[in-house]
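Just so it is clear: chains get the letters A, B, ... in the order the sequence lines come, proteins before strands, and each one is counted from 1.
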2 protein chains.
Amino acid sequence: MESPTARTEIRKGSIARELRRGTLELIVLHLLEPGEAYGYEIVTKLTRETQGALEVTDGTLYPVLYRLERAGFVGVRWDTPERGVPRKYYQLTDAGRQELHALTTEWSAFADAMARLLGTGHPR
Amino acid sequence: MESPTARTEIRKGSIARELRRGTLELIVLHLLEPGEAYGYEIVTKLTRETQGALEVTDGTLYPVLYRLERAGFVGVRWDTPERGVPRKYYQLTDAGRQELHALTTEWSAFADAMARLLGTGHPR
DNA sequence: GTCGTATGTCTTGTCACGCAAGATACCTTG
DNA sequence: CAAGGTATCTTGCGTGACAAGACATACGAC
């Protein structure tokens with residue numbers, strides 16, 4: 001099993017990098033919907049839930065979380081156990097849930113438009 | 001009818017701007033597939049074919065076309081009539097057709113992964 | 001005739017953001 | 001104690017969409 005620490009080099013020539021633009025916020029908010037999670041957990045969760053189709057490195061994720069926090073879309077809670085590495089837990093706020101909904105809608109509209117445009121000839 | 005000259009301000013807070021990243025090349029190559037077209041024509045064609053769902057300004061398009069040309073994905077032909085504004089026509093090259101296919105595949109994989117991830121609860 | 005508007009091309013500068021790479025620290029297992 | 005997994009954060013780079021502006025030709029209205 002590949003650990004997140006073994007940083008997977010993301011292909012340069014690929015458009016995958018650009019596709020993450022704009023979808024990453026949506027993805028993170030979506031992953032937080034079922035309940036709070038900490039950064040490292042989100043990275044592994046995303047890789048697992050998409051069978052590696054969508055991946056992200058921690059160097060990418062942490063800035064996103066910071067942005068979401070500043071925007072008021074997520075709340076933060078530190079868990080500092082006596083023994084063990086401290087974890088920073090993120091939870092959706094009401095505004096975050098609203099944003100999640102808005103982004104989901106926007107994404108659907110875009111994906112639909114793309115599908116219609118690229119649509120394999122089948123007219124109408 | 002809205003003319004392309006009346007530049008539609010693209011919403012700043014929207015993710016639409018980011019979503020175009022990576023898809024724009026694919027979109028342009030796709031629009032060139034049926035046959036050659038000139039820049040201005042592509043702008044209007046995209047707006048029309050997607051009922052405005054996907055739009056692009058000429059300031060965005062021309063750099064894309066230049067990139068595609070440099071990459072060898074499109075060929076160029078000037079049409080300079082005695083009377084009238086000169087037009088620069090673009091056509092897909094073989095490499096461009098190949099790229100179009102590759103990008104389409106990549107896009108589909110990404111869109112599918114997103115759909116699976118966001119999938120409305122229906123588990124498994 | 002000239003003013004506005006549509007057609008058509010191109011360039012400059014700005015800004016956002018994904019990412020590689022590196023730093024730091026703790027814990028476990030051999 | 002040395003590796004490697006867990007966990008966080010920061011710096012710097014490159015890419016690319018876009019607004020704004022410039023420029024030129026054509027055509028209509030006034």
Side-chain angles (χ1 to χ4, degrees), chain A residues 1-28 37-46 54-71 76 78-90, chain B residues 1-28 37-46 54-71 76 78-90:
Chain A
M1 218 18 163
E2 208 168 58
S3 80
T5 319
R7 311 195 201 216
T8 327
E9 194 93 8
I10 283 163
R11 232 179 291 276
K12 261 289 189 53
S14 166
I15 56 169
R17 181 182 189 142
E18 311 300 336
L19 290 177
R20 260 180 275 274
R21 279 218 178 210
T23 52
L24 205 42
E25 278 197 20
L26 166 56
I27 289 171
V28 172
Y38 55 96
Y40 196 74
E41 187 184 4
I42 295 176
V43 174
T44 55
K45 206 174 169 185
L46 179 59
L54 303 174
E55 269 185 293
V56 91
T57 63
D58 59 317
T60 298
L61 181 66
Y62 287 118
V64 174
L65 288 170
Y66 182 67
R67 246 155 48 216
L68 292 174
E69 185 190 344
R70 294 213 62 176
V76 176
W78 273 102
D79 181 35
T80 318
E82 306 271 328
R83 339 203 68 238
V85 183
R87 289 168 170 178
K88 202 173 176 182
Y89 280 89
Y90 296 86
Chain B
M1 215 24 161
E2 208 166 58
S3 80
T5 319
R7 311 196 202 215
T8 326
E9 194 91 10
I10 282 161
R11 233 179 292 276
K12 262 291 188 51
S14 166
I15 56 168
R17 179 180 189 146
E18 312 300 336
L19 289 176
R20 260 180 276 273
R21 281 217 179 213
T23 52
L24 204 42
E25 279 198 20
L26 166 55
I27 289 170
V28 172
Y38 56 97
Y40 197 74
E41 186 183 7
I42 295 176
V43 174
T44 55
K45 205 173 170 187
L46 178 58
L54 304 174
E55 268 186 293
V56 90
T57 63
D58 59 316
T60 299
L61 181 66
Y62 287 118
V64 174
L65 288 170
Y66 183 66
R67 248 155 47 215
L68 292 175
E69 185 190 345
R70 295 214 61 175
V76 175
W78 273 102
D79 180 36
T80 317
E82 306 272 327
R83 335 204 70 237
V85 183
R87 290 168 172 178
K88 202 172 175 183
Y89 280 89
Y90 297 86

For [N] and [X] - does any side-chain N or O of the residue sit under 4.0 Å from the phosphate oxygens OP1/OP2?
| X | N | answer |
| --- | --- | --- |
| B:Thr60 | D:dA17 | no |
| B:Arg67 | D:dA17 | yes |
| A:Arg20 | C:dC19 | yes |
| A:Arg87 | C:dC27 | no |
| A:Arg83 | C:dC26 | no |
| B:Tyr62 | C:dC10 | no |
| A:Tyr40 | D:dT8 | no |

Send over the distance from [X] [atom1] to [N] [atom2], rounded to a whole Å.
| X | N | atom1 | atom2 | answer |
| --- | --- | --- | --- | --- |
| B:Lys88 | C:dG8 | NZ | C1' | 12 Å |
| B:Leu65 | D:dA17 | CG | P | 11 Å |
| B:Glu18 | C:dT14 | CD | P | 19 Å |
| B:Arg17 | C:dT14 | CZ | P | 14 Å |
| A:Trp78 | C:dC26 | CH2 | C1' | 13 Å |
| A:Glu82 | C:dA25 | CD | P | 20 Å |
| B:Leu61 | C:dC10 | CG | P | 10 Å |
| A:Leu68 | D:dC9 | CG | P | 13 Å |

Would you say [X] and [Y] make side-chain contact, with heavy atoms under 4.5 Å?
| X | Y | answer |
| --- | --- | --- |
| B:Glu25 | B:Val28 | no |
| A:Leu26 | B:Ile15 | no |
| A:Leu65 | A:Tyr62 | yes |
| B:Val56 | B:Val64 | no |

- Let me know, please, whether B:Pro86 or A:Tyr90 comes out on the 5' side of the other along DNA chain D by nearest nucleotide. A:Tyr90
- Note on the structure: Value for CZ (A:Arg21) from OG1 (A:Thr23), rounded to nearest 0.5 Å, stands at 11.0 Å
- Determine whether any donor atom in the side chain of A:Arg21 lies under 3.5 Å from an acceptor atom in the base of C:dG18, or the reverse, and answer yes or no. no
- Heavy atoms under 4.0 Å, any strand shown: does A:Tyr38 hit a base, just sugar-phosphate, or nothing? sugar-phosphate
- Heavy-atom nearest nucleotide on DNA chain C taken for A:Thr23 and for B:Val85; more 5' hit belongs to B:Val85
